[in-house]
Number of protein chains: 2
Amino acid sequence: MATIKDVAARAGVAPSTVSYVLTGSRRISDRTRDAVHAAIAELGYHPRASARSLRGARTDVLVLAVPRKPGRYRAVDGRFAIEISDAARAHGYDVLMMTEPDGVDGLRRIVRSKLADAAVLMAVRERDPRIETVLELGFPTALLGHGDEPGLPWVDLDWEAAVRFAVRRTVEAGHRHVVFLASADHEIDARRGYALHGLRGARDAARETGADVRVHPSTGAEERLGGLLRAALTARPAPTAMVVQHLVLLPRLLEEVAALGLRVPEDLAVVLVGSLPDDPVAEPLPRIELPVCRMSREVVRLAVESVGAASGAPVGPGHARQLIAPRMEPDRPVPPPPTRRPG
Amino acid sequence: MATIKDVAARAGVAPSTVSYVLTGSRRISDRTRDAVHAAIAELGYHPRASARSLRGARTDVLVLAVPRKPGRYRAVDGRFAIEISDAARAHGYDVLMMTEPDGVDGLRRIVRSKLADAAVLMAVRERDPRIETVLELGFPTALLGHGDEPGLPWVDLDWEAAVRFAVRRTVEAGHRHVVFLASADHEIDARRGYALHGLRGARDAARETGADVRVHPSTGAEERLGGLLRAALTARPAPTAMVVQHLVLLPRLLEEVAALGLRVPEDLAVVLVGSLPDDPVAEPLPRIELPVCRMSREVVRLAVESVGAASGAPVGPGHARQLIAPRMEPDRPVPPPPTRRPG
DNA sequence: CTGTTAGCGCTTTCAT
DNA sequence: ATGAAAGCGCTAACAG
């Protein structure tokens, strides 16, 4: 395997000159540069990453902290992982996955072995222990999702506004009795930002609209979903709409609704908050999608900018927090409630 | 940041001794080892990955080649990515994602910069250009999926047997007219191994069982799915069962079936091949699941073993090919066809 | 059982 | 506009 010395010898220049041609950190005459490029092409030379990062300060790698409860897989995580990897390449970075169950240990290991220049933390929770870790290590980091932490740049869908918006649109469509199906219990217990913000949005919307908005906790246990839905949907006065943030079991949920004899949307309008783009289950329903691509691009940008900022001025808190405004898919308005009292 | 020299100084030994303690490649007295460990703990020392891999031959990183058509996301890819990352850690490896649209360029770049010790290629196709690339570069590689290539270890669900099995079980349940919905056209055009093997399985099953098995190409275009299904399900004599390998649009597919006035399973038995574990859409149906965890573990094992084998004996072709036998989920037998001729 | 030392391949002063 | 040389942090001969 060719090294920089081989290239130098072949081009009749010094190794340092080859390096300068590669990094562009010094002006080189056209003649020399051409000779070097020719030698590089002839030898099929490619600089070795480990030598670069041993010498320099950078690895051009981002570490992606994927949340991982063993045996539990969330579709959204895989999707973000791949989109983030894509986005990172656009900045010249590769992405290393960190899926250790204890994210703190995993991050420590990778940071301290200098395998990456910055981290992206997925599915951030309030009082997330990974945040303490990167702050303590002084490691450049951007967050996907946000809790209440200071000092780190983040990007998130404005879940509070999203749920508020979904509820408001539902009320505007004429619904007076609305069920809000919150994120799964275990997500709330884990203090995931999006789950907590969604809850707040529902409560705010109830106050703002004056409508009857019943906030229902949800469950990750498939077998309990049926009972939960029956209780929610058969309560009196009967709800005519359901705003759903708990999307993991959506297909099952729709089955249960059908089993209760309710047609969607004639008897019950179902509005989704935070569905994944191109999800065929979500597609026919009115919804606010999770802007996966945009969030991935933004969080990578923030992480990459933190790399530079780490050795210089701290990141300004202003533009480093991206709360993305929710947007209803325009082709799916919330259908009106059934007209029970004709005339 | 502490280096091996700092540790050595603090422990009152030579740097090499610290190295030997760390790598275990030389016997060290208990006293010395304890002193070194104490110094390591006090300084919070962690070896730098770039220095290690510059010096040694290994990076302890696997590169994962994720197939990526820009704008198209397959849920199975994200799932495998995360499971593979998990499995790799069990062998002491980290996983670097490679999502470049041109997998060949991306692999070249990563291999030649020595960022990884071995590759895992996802969603292998027949005559996959990435295979030629890793062979030409002499890079240790394991494949997820298989085409017709020689010389590289792989693991795959036996899709041919899986479809054959699903069809046979369907026929055994009493069905005489069965529709097989193949993978999407574009997957077949891309010569993905699983799509082609599935097709062969369907044809074999038709021959073996003597039943009327109608192989239907499928489509990735959501808007054409309805027409396709109508044609397939309203043909005479009417099919009473459908074996589905095209799962991306499964929810949509079930909606279309319902729209045709067919109840599942009373009017039409639906059997899935290759569904993802814990998919709530698939769960109520008889199915053969894709063993994601097992495949991930196996492909990582093969990749890791190739690292050693690269500098030594070639990988024996025997145990290096893992064709996983299909298994029906035991709790979901194929329901019988409707009894149209009572008596 | 431990220390000394060369060098992996690169970048970047310092020197011309 | 280019070279020479030091050294990033580590491992593995070689030498006691």
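In the text below, chain A, chain B and the rest are named by the order of the sequence lines, each starting its count at 1. Atom set for the values below is all heavy atoms of this structure, side chains included, hydrogens, waters and symmetry mates excluded.
Rounded to whole Å, atom C1' of D/dC8 lies 15 Å from atom CD1 of A/Ile4. Look at CG on B/Leu54: it is 9 Å from C1' on D/dC8, rounded to the nearest Å. Counting to the nearest Å, the P atom of C/dA6 and the NZ atom of B/Lys5 are 13 Å from each other. Remark: C1' of C/dC10 and CG of A/Asp6 are 13 Å apart, rounded to the nearest angstrom. Distance A/Arg55 CZ to D/dC8 P: 8 Å, rounded to the nearest Å. Atom NE2 of A/His46 is separated from atom C1' of C/dC10 by 13 Å (rounded to the nearest Å).
Applying the side-chain contact (heavy atoms from CB on, under 4.5 Å) rule to A/Leu64 yields the partners A/Val66, A/Ala81, A/Ile84, A/Val95, A/Val120, A/Met122, B/Met97; only residues at least two apart in sequence or on another chain are considered. The side-chain hydrogen bond (donor to acceptor under 3.5 Å, both in side chains) test applied to A/Asp86 returns B/Arg68, B/Thr99, not counting sequence neighbours.
Counting only N and O atoms by type, the side chains of A/Ser29 and A/Thr32 include a donor and acceptor under 3.5 Å apart. If you check the side chains of A/Glu187 and A/Tyr194, you find a donor sitting under 3.5 Å from an acceptor.
Within residues 111-119 of chain B, no residue places a heavy atom under 4.0 Å from DNA chain D. For the segment residues 12-19 of chain B, the set of residues with a heavy atom within less than 4.0 Å of an atom of DNA chain C comprises B/Gly12, B/Val13, B/Ala14, B/Ser16, B/Thr17, in numerical order. Residues from residues 21-45 of chain A that place a heavy atom under 4.0 Å from any atom of DNA chain C, listed by number: A/Thr23, A/Arg26, A/Tyr45.
Residue pairs meeting the ring pair (Phe, Tyr, Trp, His ring centres under 6.0 Å) criterion with at least one member in residues 7-59 of chain B, sequence neighbours excluded, do not occur.
A salt bridge does not link A/Arg108 to A/Asp105: none of the charged side-chain nitrogens sits closer than 4.0 Å to a carboxylate oxygen. A salt bridge does not link B/Arg192 to B/Glu126: none of the charged nitrogens lies less than 4.0 Å from a carboxylate oxygen. Between A/Arg109 and A/Glu100 there is a salt bridge, since at least one side-chain N of the basic residue sits less than 4.0 Å from a carboxylate O of the acidic one.
For B/Tyr20 against D/dA13, a side-chain N or O and a base N or O form a donor-acceptor pair under 3.5 Å.
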Stepwise side-chain contact (heavy atoms from CB on, under 4.5 Å) test for A/Val155 and A/Leu143: CA-CA 6 Å; A/Val155 54; A/Leu143 311 179; over 6 Å; no

Test log, rule side-chain contact (heavy atoms from CB on, under 4.5 Å), inputs A/Ile110 and A/Phe139: CA-CA 11 Å; A/Ile110 287 173; A/Phe139 196 65; 5.9 Å; no

Full working for side-chain contact (heavy atoms from CB on, under 4.5 Å) between A/Trp154 and A/Ile131: CA-CA 12 Å; A/Trp154 51 257; A/Ile131 291 180; over 6 Å; no

